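Being a predicted model, the structure only gives us computed values, none of them experimental. Computed from heavy atoms alone, side chains included, the values below leave out hydrogens, waters and symmetry copies.
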Amino acid sequence: MRSNQKGVTLVEIILVIAIIGIMAGTSVMMLGHLHYADTQKVIKTIDSSLDKLQMQSMSKAGDHYLYIYHLSGGCYMKILPDDLSSFDSSKLDSNGTKLANDTVSIYMDSASGTKVDGNDFIKVAYTKSLTFDTAKTNVSAIVVSGGSNYTIQLITDTGKHFISN
């Protein structure tokens, strides 16, 4: 009988495979939570920017507009005094606030609506009486889709906006 046997037993192999499986399962669950957190962060950033735009419209001379747009590598947002009727890459550039990379998508009006991509962009404007300027605002809702879907509803008559799932 040999007393110096070297090798790996079947039990040891099964234990290693079980540990790798547990680690892989945990990693997949964590990625799902990261996408969920990204979606929440984006919706809260847009919501606070709408508040900021409302304050600027009330306190400053001239009009201001919130633009949400997509460039290669992610979605951006910018408040500008310019009323753009078409996509202008000299103004809607990567110097805006980056909302998210391509793991999060933003849609106009509903999750089945137009995706903000290419030359499409969201534009929101307030009147001096702090209601949404329907002639210059091109959406009634902003939908952020990632780990989960969130919607910011724009209430035209009151100028209020609220987040819903």
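- Note: T45 OG1 to L50 CG = 11.0 Å, rounded to the nearest 0.5 Å.
- At a cut-off of 3.5 Å, with distance as the only test, a side-chain donor of N149 or S145 sits close to an acceptor on the other residue.
- Linking ILVMFWY residues whenever their side-chain heavy atoms come closer than 4.5 Å, directly or via other members, leaves Y76 and I106 in distinct clusters.
- One distance of note links CZ of F132 with CG of D157; it measures 11.0 Å at 0.5 Å rounding.
- No donor-acceptor pair under 3.5 Å is formed between the side chain of Y67 and the backbone N or O of K91.
- A donor-acceptor contact shorter than 3.5 Å links the side chain of N101 to the backbone of T103.
- Between atom CD1 of residue I46 and atom NE2 of residue H161 there is a gap of 11.5 Å, rounded to the nearest 0.5 Å.
- Linking ILVMFWY side-chain heavy atoms closer than 4.5 Å, directly or via other members, places I13 and I20 in two distinct hydrophobic clusters.
- Checking D109 against S140 by side-chain atom types alone, a donor-acceptor pair falls below 3.5 Å.
- Residue I43 forms a side chain to side chain contact (heavy atoms under 4.5 Å, CB included) with just one option from T151, V143, I152, N165, and that option is I152.
- Atom CG of D102 and atom CG of D117 lie 8.0 Å apart (nearest 0.5 Å).
- Grouping the Ile, Leu, Val, Met, Phe, Trp and Tyr side chains by contacts below 4.5 angstrom, directly or via other members, places M55 with L130.
- Annotation: side chain of L99 is not in contact with side chain of V104 (no heavy-atom distance under 4.5 Å).
- Under the 4.5 Å side-chain heavy-atom criterion for ILVMFWY residues, no single connected hydrophobic cluster contains both V116 and Y107.
- Nearest heavy-atom pair across Y65 and K136 is OH-NZ, 3.2 Å.
- With contacts defined as side-chain heavy-atom distances shorter than 4.5 Å, the pair T156/T131 does not qualify.
- Going from atom CD1 of I163 over to atom CD1 of I142 covers 10.5 Å, rounded to the nearest 0.5 Å.
- Between the Y69 side chain and the D93 main chain, a donor and an acceptor come within less than 3.5 Å of each other.
- In this structure, L71 and S94 approach most closely via the heavy-atom pair CD1-N, 3.5 Å.
- Classification of the F121-F87 ring pair by plane angle, with boundaries at 30° and 60°, yields tilted.
- K78 has its side chain within reach of N95: a pair of non-hydrogen atoms, C-beta onward, lies under 4.5 Å apart.
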- Item | Residue pair D83, K123: steps toward the side chain to side chain contact (heavy atoms under 4.5 Å, CB included) verdict | CA-CA 9 Å; D83 185 6; K123 178 170 73 171; 2.5 Å; yes
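- The main-chain N or O of S105 is never found under 3.5 Å from a side-chain atom of K115 such that the two would form a donor-acceptor pair.
- For the pair S57 and H64, the tightest heavy-atom approach, listed with the atom from each and the gap, is OG-O, 4.4 Å.
- In terms of heavy-atom proximity, T39 sits nearest to G146 at OG1-CA, 3.3 Å.
- The closest side-chain heavy-atom distance from L92 to L80 is below 4.5 Å.
- Nearest approach of A141 to Q153, heavy atoms of both residues: CB-OE1, 3.9 Å.
- Taking both residues in full, the closest heavy atoms of M108 and N138 are given as CE-ND2, 4.1 Å, listed atom of the first, atom of the second, then distance.
- A donor-acceptor pair shorter than 3.5 Å cannot be found between the side chains of D120 and H70.
- How far OG of S49 is from CD of Q56: 9.5 Å, rounded to the nearest 0.5 Å.
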